[in-house]
Amino acid sequence: PPPPPPAQAAATELSEADLLCSEFLAQVQSRTREGYVEALRLADRILLLEPDNKLVVEYQALLPQLMATVDERVQEAALAAEDPNRTPSEVSTDEDEEEDEEAVEIDEGALDEDHVSEVPTDEEGEN
């Protein structure tokens, strides 16, 4: 087939660039290291199609700093998790487990289909 007319080729490129930009923004919004890495990869492709895309150019410069911030937070969280002096967020005891078992027994009794509750009706009250 013959090549598409120049106007149609430009529209196709614009469409691809729009899709790439949408994916780029989704990756940045994920706020994960993997998302930032993928956004950098997409930035290169977008800038081949739209070299003057200011948003992508600005983020391309900012993404390495964002990745470093994520790396710092991950490292801090790992160190905190390994700290023997940290206070656990929740502590369970044997008493808690016993209370949970009792609650389950009560709930199972409430679901017993053979149990019928005695509730007076208007007809009984009239007799």
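Numbering of residues begins at 1 and proceeds along the displayed sequence.
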Open item on the list: For G35 versus S30, what's the shortest heavy-atom pair and its separation?
Closed with: CA-OG, 3.5 Å

Open item on the list: So, applying side chain to side chain contact (heavy atoms under 4.5 Å, CB included) with V28, which one of V56, L62, L63 is it?
Closed with: L63

Task: Euclidean distance, N53 CG relative to L48 CG, rounded to 0.5 Å - done: 12.0 Å

Open item on the list: Return the OG1 to CD distance between T69 and Q65, rounded to the nearest 0.5 Å.
Closed with: 7.5 Å

- [ ] Can you sort out the partners of Q60 under side-chain contact (heavy atoms from CB on, under 4.5 Å), two or more places apart, ordered by chain and number?
- [x] L40, A43, D44, L47

Open item on the list: What verdict does the side-chain contact (heavy atoms from CB on, under 4.5 Å) test give for L55 and L25, after you've listed the backbone C-alpha separation in whole Å, the side-chain angles of each residue and the deciding distance to 0.1 Å?
Closed with: CA-CA 10 Å; L55 177 77; L25 291 173; 3.7 Å; yes

Open item on the list: Filter on salt bridge (charged side-chain N to carboxylate O under 4.0 Å, His left out), then keep only pairs touching residues 64-74, sequence neighbours left out; what's left?
Closed with: R33-D71

- [ ] Could you tell me whether the side chain of V37 reaches within less than 4.5 Å of the side chain of T32, counting heavy atoms only?
- [x] no

Open item on the list: Rounded at 0.5 Å granularity, tell me how far CD in E38 sits from CD in E23.
Closed with: 6.5 Å

Open item on the list: My understanding is that only residues two or more places apart in sequence, or in another chain, count here; which of them pass side-chain contact (heavy atoms from CB on, under 4.5 Å) with R31?
Closed with: Y36

Open item on the list: With rounding to the nearest 0.5 angstrom, report the CD to CD distance, E34 to Q27.
Closed with: 9.5 Å

TODO: Output the distance between atom CG (L42) and atom SG (C21), rounded to the nearest 0.5 Å.
DONE: 9.0 Å

